[in-house]
Amino acid sequence: MTPIQVKTRIPVDCGFLNLSCSPLLKQLYANRGINSALELDNSTKNLLAASQLKGITAACELLYQALLSSQKIIVVGDFDADGATSTALSILALRALGFSNIDYLIPNRFDYGYGLSPEIVDLAIGKGAQLLMTVDNGISSISGVKYAKDKGLQVLVTDHHLPGEELPDADAIVNPNQCGCDFPSKNLAGVGVAFYIMLALRSFMNSKGYFENIKAPNLASLLDIVALGTVADVVTLDSNNRTLVQQGLARIRAGVCRPGISALINVAKRNQAQLVASDLGFSLGPRLNAAGRLDEMSYGVELLLCENPERANIIANELDALNQSRREIEQGMQDEALKTLADLTVDEKNIPYAICLFEADWHQGVIGLVASRIKESYYRPTFAFAKAANGEIKASGRSIPGVHLRDMLGLVDKKIPNVILKFGGHAMAAGLSLKEQDFKLFEKTLNEVLNEQLDSELLNNVILSDGQLSSTQFSLEQALELRDAGPWGQGFPAPLFDGSFKLLQQRLVGAKHLKMTLEIDGTVIDAIAFNVDLDFWPNPLVKKVYCAYRLDINEFRGNRSVQIIVELLQPENP
C-alpha cells in the first residue's frame, strides 16, 4: 500500500474577498481559487448561456422538425448514473415540451457494450426510430452513427466525453469538449449537456411562436435529476456545475423532487431536508448505478420517470438489493485483486507506474469499482479487466490526479496500433477492449508510456489539508456553515483538516469502524474512522493520535452534535 502524505495548503490571501462568512470559510474559498463573491452566487441567472454550445442550433432544429412531423425519437443512453439521469431528463423534458412520439434504449452492457453500436441501431429501428438522440455517449460511435445514417435515420449526438481524432458523421453534435466549442465550462456531465439542450430547445420553440397559446414548461423542475447525475459522474464542480448541483439540492431539500429520488433517499436512510452533495455521490448514485452494473439500467430510468411514490419505493428497494449484491461481488473481486498483487510481491517499494489486473471470472459490471479501490490502495492508475465475447476482454480504468487516462490510452494506441480495439473516456476514468492474448502487451506498453510521460512526483499519495482547527472551531455553528457552504466535490474539495489529539476512548462499531473520543486544548470531540486496520485498532496502548479529518454533524434522535470523520489515523505516542 502507498503511504499517504499530508501537506498543508499554503494559504492564499483572502483579504480581497468581500464575503459575509467566518474567517475560516473565507480562507477555504480563497484556497480553492475563488476570486469573487460572484463565483459563489449559485442562482440560475448566473448559469452559462446554452447558445455558446457548438451545434446547439442544429440540434434544436432537428428536434423541432421531428416534433412538427411526428417523427419517432429514440433516446439512446448509457448504463451508468449519468446515462440514466440524462435519459430520464431528456424524456421528461421532451414530454413537457409537447413531444409524445418518444422512447428510449439503454444498451445492456453485457450484450452490447457501450455506446451507439450498429446492433443498438437495429434495436432502435425495431422500435420505429426515425431520429436517434444519444445522451452521455455517441462521440466515439463512428460505425454506429454511419450505420444509422445508411439506414436513413437522423442522428443527434449529445455527449461530454473527449472526442477522438475522428468525429461521427451525425446531423448535429453537442459536446462542450468538441473542437471549436466556445462553451466556457468543459466539465458538464452528460446530464448537464442534455439539460442545456432542453433549455435551448424551449427557447427555440418559443421563438417559433409555439408557446403563444400554451404555457412553456419550467425546466428548472428537472434540476434535481441534473444534480444527481452531475455528482454521481464525479465531474469537476466548477462554478457552473456548482450552480446546477446547488439548485438541484435546494429542490430536493424542499421536497419538490422526483418521487424516484425521494425513494432513493429513503432506502439510503438519508435526511432529505439536509441532503448534501456527498449523499448524491456516495448514497444515491451507487444504488442507481447498481441497475446498470448487475442488471438493466432501464430500472434506474424507470425509477426517475416514475410518477407514483409507491411504485417508486418498490423500484428503489429493488435497486437497494442490487446494490447490496454489487457490494458483495465487488468485495470478493477486490480481495482477489489484492491477493494477486501480494503474490506478485507488489508493495510500496516496487509498484509499477500502472496496475493492470485480469481475472476470467470477474463481473463486467463491477470492474470499475474494483479499479477504483485498487487505485486508492496503491495510488496508481489502475485497469481491471473482465472477459467479454469473441476472445475479447474489457477494462474499466481509474486514474490519479495529474494522469490523464484517455490521453495515455491514445499514446498506447499509437505505440501498438490495432491492439486496443476500442477506447474512450476522460482524465480520471476510461474504458477499453482488446484481445485477451494482448493483455500483457498492453500492460507493458502502458507502463512504458507512463514512464516516458510522467513526473514521478505525481505518484506520491499526497492529500492537502487546510490546517488544524482551533478548539473553539469544533462547534455546531462552524460545522453547519461548512456543510451549507458547498456544494463540495470533485475539483472543489470539502474542507480537510489535520492535527494531533489525545485519545480518550476507542471502541469498534459495526465490526470495522473505530468510534473515538478525542481531546484538544480541553475540548472533547466525538470522532469516527471507517474501515480501520483491525490488526491494529482498537489499541489500548495508543494515547495520542494524528488525524486528517473533516468536520461533520452527527444526528441522533433529533439531536445534533459535532463530530469529526477521520480520513487518516496514525498513532502518535510521546
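For reference, positions follow the sequence shown, starting with 1.
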Can a donor-acceptor pair be found, under 3.5 Å and without considering hydrogens, that links the side chain of [X] to the backbone of [Y]?
{"X": "S377", "Y": "R373", "answer": "yes"}
{"X": "D136", "Y": "G83", "answer": "yes"}
{"X": "R483", "Y": "V276", "answer": "no"}
{"X": "Y196", "Y": "I56", "answer": "no"}
{"X": "S86", "Y": "D82", "answer": "yes"}
{"X": "R202", "Y": "P217", "answer": "yes"}
{"X": "R242", "Y": "G486", "answer": "no"}
{"X": "W488", "Y": "L482", "answer": "yes"}
{"X": "Q473", "Y": "S470", "answer": "yes"}
{"X": "N460", "Y": "L458", "answer": "no"}

Do the rings of H160 and H426 sit parallel, tilted or perpendicular, given the 30° and 60° boundaries?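 If you compare the ring of H160 with that of H426, the planes turn out tilted.
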Euclidean distance, [Y] [atom2] relative to [X] [atom1], rounded to 0.5 Å:
{"X": "T85", "Y": "L92", "atom1": "OG1", "atom2": "CG", "result": "11.5 Å"}
{"X": "I367", "Y": "I374", "atom1": "CD1", "atom2": "CD1", "result": "13.0 Å"}
{"X": "I520", "Y": "Q468", "atom1": "CD1", "atom2": "CD", "result": "4.0 Å"}
{"X": "I564", "Y": "I525", "atom1": "CD1", "atom2": "CD1", "result": "6.0 Å"}
{"X": "L568", "Y": "D498", "atom1": "CG", "atom2": "CG", "result": "9.0 Å"}
{"X": "M428", "Y": "D233", "atom1": "CE", "atom2": "CG", "result": "12.5 Å"}

Please assess D78 against V135 for the test side-chain contact (heavy atoms from CB on, under 4.5 Å), listing each intermediate value before the final yes or no. CA-CA 7 Å; D78 184 21; V135 290; over 6 Å; no
How about [X] and [Y]: do any of their side-chain heavy atoms sit closer than 4.5 Å?
{"X": "I400", "Y": "K375", "result": "yes"}
{"X": "N177", "Y": "L188", "result": "no"}
{"X": "M516", "Y": "V566", "result": "yes"}
{"X": "L432", "Y": "F383", "result": "yes"}
{"X": "N539", "Y": "P571", "result": "no"}
{"X": "V412", "Y": "K415", "result": "no"}
{"X": "V193", "Y": "D159", "result": "no"}
{"X": "L53", "Y": "I197", "result": "no"}

Got a list of side-chain donor-acceptor pairs under 3.5 Å for residues 4-22, not counting sequence neighbours?
| unit_1 | atom_1 | unit_2 | atom_2 | d |
| --- | --- | --- | --- | --- |
| R9 | NE | D466 | OD1 | 3.2 |
| D13 | OD1 | G15 | N | 3.1 |
| S22 | OG | L25 | N | 3.1 |
| S22 | OG | E481 | OE1 | 2.6 |
| S22 | OG | E481 | OE2 | 3.4 |

Selection residues 268-277 - residue pairs positive for salt bridge (Lys or Arg N to Asp or Glu O under 4.0 Å), sequence neighbours left out: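 Sorted result for residues 268-277: R270-D279.
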Over 12 foreign heavy atoms within 6.0 Å of [atom1], [X]:
{"X": "K502", "atom1": "NZ", "value": "no"}
{"X": "Y546", "atom1": "OH", "value": "yes"}
{"X": "R327", "atom1": "CZ", "value": "yes"}

Evaluation steps, side-chain contact (heavy atoms from CB on, under 4.5 Å), between I528 and V509: CA-CA 9 Å; I528 188 164; V509 294; 4.1 Å; yes
Restricting to non-hydrogen atoms, name the atom on [X] and the atom on [Y] that form the minimum distance, rounded to 0.1 Å.
{"X": "P381", "Y": "L405", "answer": "CB-CD1, 4.1 Å"}
{"X": "L219", "Y": "M198", "answer": "CD1-O, 3.3 Å"}
{"X": "L496", "Y": "L464", "answer": "CD2-O, 3.5 Å"}
{"X": "L476", "Y": "V562", "answer": "N-CG2, 3.1 Å"}
{"X": "S283", "Y": "R287", "answer": "O-NH1, 2.8 Å"}
{"X": "N447", "Y": "Y353", "answer": "OD1-N, 2.9 Å"}

State whether a side-chain donor-acceptor pair under 3.5 Å links N241 with N187.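 Per modelled atom types, N241 and N187 side chains form no pair under 3.5 Å.
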Quick one about S185 and D238 (side-chain donor to acceptor, distance below 3.5 Å, no hydrogens or angles considered), yes or no?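 Checked: D238/S185 side chains pair up, N/O donor to acceptor below 3.5 Å.
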Stepwise, does the side chain to side chain donor-acceptor pair (under 3.5 Å) test hold for D552 with Q563? CA-CA 5 Å; D552 191 47; Q563 71 172 357; 3.0 Å; yes
Is there a side-chain contact (heavy atoms from CB on, under 4.5 Å) between H513 and N531? Walk through the geometry before answering. CA-CA 5 Å; H513 312 311; N531 300 309; 3.5 Å; yes
Result block: side-chain N/O donor-acceptor pairs under 3.5 angstrom for residues 245-252, not counting sequence neighbours:
| unit_1 | atom_1 | unit_2 | atom_2 | d |
| --- | --- | --- | --- | --- |
| Q247 | NE2 | N42 | O | 2.6 |

Before giving the answer on side-chain contact (heavy atoms from CB on, under 4.5 Å), spell out for I261 and L284 the whole-Å C-alpha distance, their side-chain angles and the decisive distance to 0.1 Å. CA-CA 8 Å; I261 290 181; L284 275 64; 4.1 Å; yes
